[in-house]
Amino acid sequence: SKIDRLRERLQSGDKFEDIAKANSEDFTNVRGGDLGWLNIGDTVQSFEDSYKALAINDISRPVRTPFGWHLIQVLERRQQDITNERSRASARATLRERKAEEAYQDWLRQLRDRAYVEIKLDND
């Protein structure tokens, strides 16, 4: 019932940003609920289905996902092909992961090199 009341306030003219800042329970509250640009596959299916069906500036009905309840407003849709940008971002993320793994393995080696282990056998 709370999310229904929030939707009514939005439809009455309250600003989405203000409602999200005051009521959102996730990291987006500081940005007024702004998720930035989303790509197909970036969110769970129920959320994606809802935002794909919305017209610009419309407010969705309450949407239930594994992360809770949501109200969605689409402000704009991209018209350009971003395949190359997405590929580059994916490549950067992969390289970052590899470097992080290498750094972790190096740290483990250093830690093992500095460790002193003494094994004492109990001779009865």
Side-chain angles (χ1 to χ4, degrees):
S1 64
K2 179 181 178 183
I3 199 161
D4 288 327
R5 287 192 307 273
L6 294 175
R7 185 170 188 263
E8 287 172 12
R9 286 179 53 195
L10 290 168
Q11 290 177 322
S12 297
D14 285 7
K15 293 174 86 177
F16 193 96
E17 180 179 359
D18 297 337
I19 298 289
K21 282 182 179 179
N23 295 281
S24 183
E25 296 176 358
D26 65 11
F27 68 95
T28 65
N29 63 353
V30 296
R31 294 191 316 253
D34 188 354
L35 294 175
W37 289 107
L38 295 177
N39 296 301
I40 302 300
D42 284 350
T43 63
V44 294
Q45 195 64 49
S46 56
F47 193 90
E48 187 172 302
D49 291 344
S50 295
Y51 78 72
K52 285 168 56 177
L54 287 173
I56 301 296
N57 293 321
D58 280 353
I59 305 292
S60 71
R61 295 197 176 283
V63 177
R64 178 89 167 130
T65 73
F67 306 103
W69 286 97
H70 311 275
L71 292 173
I72 306 167
Q73 181 181 35
V74 175
L75 300 177
E76 200 175 353
R77 295 192 193 277
R78 257 193 293 232
Q79 300 302 317
Q80 75 245 24
D81 180 15
I82 60 158
T83 307
N84 288 337
E85 291 174 32
R86 193 158 188 190
S87 295
R88 286 181 185 161
S90 177
R92 277 193 297 273
T94 301
L95 289 172
R96 236 185 333 268
E97 288 174 24
R98 286 183 190 165
K99 288 184 178 190
E101 180 61 26
E102 289 173 13
Y104 174 71
Q105 292 301 327
D106 187 44
W107 175 76
L108 278 179
R109 267 191 298 282
Q110 291 174 10
L111 193 61
R112 287 184 189 120
D113 290 346
R114 288 184 281 161
Y116 174 75
V117 178
E118 183 178 343
I119 300 174
K120 293 185 178 184
L121 299 174
D122 187 24
N123 294 330
D124 292 324

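This is a predicted model, so every value here is computed, not measured.
The shortest side-chain heavy-atom distance between I56 and D58 does not fall under the 4.5 Å cut-off. Between Q110 and R112 the shortest side-chain heavy-atom distance does not fall below 4.5 Å. Side-chain contact between I19 and K15: absent, with no pair of heavy atoms (C-beta onward) separated by less than 4.5 Å. Side-chain contact between T43 and L38: present, with at least one pair of heavy atoms (C-beta onward) separated by less than 4.5 Å. Two residues are said to be in side-chain contact when any heavy atoms from C-beta on lie closer than 4.5 Å; K21 and V30 fail this criterion.
S60 places no side-chain N or O within 3.5 Å of a backbone atom of P62 that could act as its donor or acceptor partner. A donor-acceptor distance shorter than 3.5 angstrom exists from the side chain of Q73 to the backbone of N57, with no hydrogens or angles considered.
Considering all non-hydrogen atoms of both residues, F16 and G32 come closest at CD2-O, 3.9 Å. The nearest pair of heavy atoms linking A20 to G33 is CB-N, 3.5 Å. Taking both residues in full, the closest heavy atoms of Y51 and R77 are given as O-NH2, 3.2 Å, listed atom of the first, atom of the second, then distance. The shortest non-hydrogen separation linking V44 to P66 is CG2-CD, 4.2 Å. Nearest heavy atoms, L71 versus L10: CD1-CD1, 3.8 Å. Scanning all heavy atoms of the two residues, the minimum distance from E48 to D42 falls at OE1-N, 4.2 Å.
Distance CZ/R7 to OG/S12: 11.0 Å, rounded to 0.5 Å. Note that CD1 of I59 and CG of L6 are 11.0 Å apart. Values are rounded to the nearest 0.5 Å. Here the CD atom belonging to Q45 is positioned 12.0 Å from the OG1 atom belonging to T65, to the nearest 0.5 angstrom. Between L108 atom CG and D113 atom CG the span is 10.5 Å, to the nearest 0.5 Å. Interatomic distance, NE2 of H70 versus CG of L35, reported as 9.0 Å (0.5 Å rounding). Once rounded to the nearest 0.5 Å, the distance linking CD1 of I3 with CZ of R64 reads 9.5 Å.
A salt bridge does not link R98 to E102: none of the charged nitrogens lies less than 4.0 Å from a carboxylate oxygen.
Other residues, nucleotides and ligands place no more than 12 heavy atoms under 6.0 Å from the CZ atom of R61.
Side-chain N/O atoms of E25 and N29 include no donor and acceptor closer than 3.5 Å.
Both V74 and F47 sit in one connected hydrophobic cluster of ILVMFWY residues. Membership requires side-chain heavy atoms under 4.5 Å apart, directly or through other members.
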Report task. Given side-chain contact (heavy atoms from CB on, under 4.5 Å), test W69 with K2 step by step and report yes or no. Result -> CA-CA 10 Å; W69 286 97; K2 179 181 178 183; over 6 Å; no
